[in-house]
Amino acid sequence: MTLRSPGRTDATDTLTGGPRRRRASRFGGSRRARGGAPLPLLVPALIGLAFLTLPLVALLIRAPWRSMPDLLTSPEVWQALRLSLVCATAATAVSLVIGVPLAWLLARVEFPGRGLVRALVTLPLVLPPVVGGVALLMALGRNGVVGKWLDSWFGVTLPFTTTGVVIAEAFVAMPFLVISVEGTLRAADPRYEEAAATLGASRFTAFRRVTLPLIAPGVAAGAVLAWARALGEFGATITFAGNFPGRTQTMPLAVYLALQNDPESAIALSLVLLAVSVAVLAGLRDRWMSAS
């Protein structure tokens, strides 16, 4: 056992900050943790917080709480709510079926132009939704690049239908799923897949039996984000699918229409969407909002 005088500082402690770190934690943390925020940073931070929260607080203040049950149970509101839930769920299912394999391709397979493909996949995140709706019309409309063949060969018309709503929502929501799943795949250890391959499993079997259970939390998180994004989609939906009650009028479209004729119904629908958004954030807090 090596004895050390109380006033002596070991070189190891100097490099690692051992005693100093222990002393700092003993007296309430480091100097950075104890110091208050400087005024030039505190003021704009508070302004930014007020800017983001004030509209939501105003929505809660102006909400017609007494008539809320009647507004939410009206046939028009319930119709839009039911259609939104069905279409958002269907769009999420489409995103899962084609988005998870796409994320696996981007994360596990090296091929020329992978960076360009990733940029194209994430483009709907920054593309204005109305532009996305116009692009869908040019591709899948009755006179579109692919839509004219669907119409002439199979008699299938996608715009201004419920199926068109699902396609528009999947177009804008699937990148959220792909990004989440790709990040999870990159963080997962590929040696498990290699071990499964050495035992005779095919790549698809290894993905289904080994990789998919490992990335299940990331897939679930991406699916929830995609579902929430699909539920709130407006621009691409109204451009590609229109605004027909009972067929293509989802909740965001109903809010837009009600704001012109019945502001109380618009506020009620907005609160429903706000509650869904809060529930999504609360469900994902352990993954996305945990403190490092």
Side-chain angles (χ1 to χ4, degrees), residues 80-107 117-142 144-151 154 156-185 212 215-216 218-244 246-256 273 276-277 280 283-284:
L81 176 60
R82 182 182 59 84
L83 183 64
S84 295
L85 295 176
V86 171
C87 291
T89 303
T92 304
V94 172
S95 301
L96 284 169
V97 171
I98 62 180
V100 173
L102 179 57
W104 180 88
L105 183 70
L106 293 174
V117 173
R118 183 179 292 110
L120 292 175
V121 169
T122 57
L123 186 60
L125 292 175
V126 296
L127 193 70
V130 175
V131 178
V134 173
L136 289 173
L137 277 176
M138 296 302 101
L140 302 175
R142 182 167 295 180
V145 176
V146 179
K148 62 182 179 180
W149 303 111
L150 292 176
D151 188 22
F154 306 103
V156 175
T157 303
L158 296 176
F160 309 109
T161 62
T162 304
T163 305
V165 176
V166 175
I167 292 175
E169 292 180 352
F171 178 76
V172 299
M174 191 172 66
F176 289 89
L177 174 72
V178 173
I179 290 176
S180 177
V181 176
E182 184 188 0
T184 307
L185 280 167
L212 197 57
I215 65 172
V219 173
V224 172
L225 288 175
W227 185 84
R229 180 64 183 88
L231 187 68
E233 169 52 31
F234 175 82
T237 302
I238 197 172
T239 306
F240 183 67
N243 186 15
F244 301 100
R247 189 170 64 180
T248 64
Q249 188 181 87
T250 57
M251 288 181 63
L253 274 63
V255 170
Y256 175 76
L273 292 174
V276 170
S277 302
V280 169
L284 295 177

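- When atom types are taken as modelled, the side chain of S84 and the backbone of A80 share a donor-acceptor pair closer than 3.5 angstrom.
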For V219 and T184, run side-chain contact (heavy atoms from CB on, under 4.5 Å): C-alpha distance rounded to whole Å, both residues' side-chain angles, the deciding distance at 0.1 Å, then the answer.
CA-CA 8 Å; V219 173; T184 307; over 6 Å; no

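- Of the inter-residue distances, the one linking L137 atom CG with L158 atom CG reads 10.5 Å to the nearest 0.5 angstrom.
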Any chance you could lay out the side-chain contact (heavy atoms from CB on, under 4.5 Å) test for I179 and L125, step after step, and finish with the verdict?
CA-CA 10 Å; I179 290 176; L125 292 175; 3.1 Å; yes

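- Annotation: the span from K148 atom NZ to L140 atom CG amounts to 13.0 Å, rounded to 0.5 Å.
- Contact annotation: the side chain of L85 approaches that of W227 to within less than 4.5 Å [non-hydrogen atoms, C-beta and beyond].
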With side-chain contact (heavy atoms from CB on, under 4.5 Å) as the test, would you mind laying out the steps for T237 and T248 before giving the verdict?
CA-CA 8 Å; T237 302; T248 64; 5.7 Å; no

Could you go through the side-chain contact (heavy atoms from CB on, under 4.5 Å) check for T250 and E169 one step at a time?
CA-CA 11 Å; T250 57; E169 292 180 352; 3.9 Å; yes

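- In terms of the side-chain contact (heavy atoms from CB on, under 4.5 Å) criterion, residue partners of A90 (sequence neighbours excluded) are, by chain and number, V166.
- Residues I98 and L102 are not in side-chain contact: their nearest non-hydrogen atoms beyond the backbone lie 4.5 Å or more apart.
- For R142, the CZ atom is loosely surrounded, since the number of other residues' heavy atoms within 6.0 Å does not exceed 12.
- For the atom pair Y256 OH and N243 CG, the distance stands at 9.0 Å (nearest 0.5 Å).
- Applying the side-chain contact (heavy atoms from CB on, under 4.5 Å) test to V172 and every residue at least two apart in sequence or in another chain returns R229, E233, A236.
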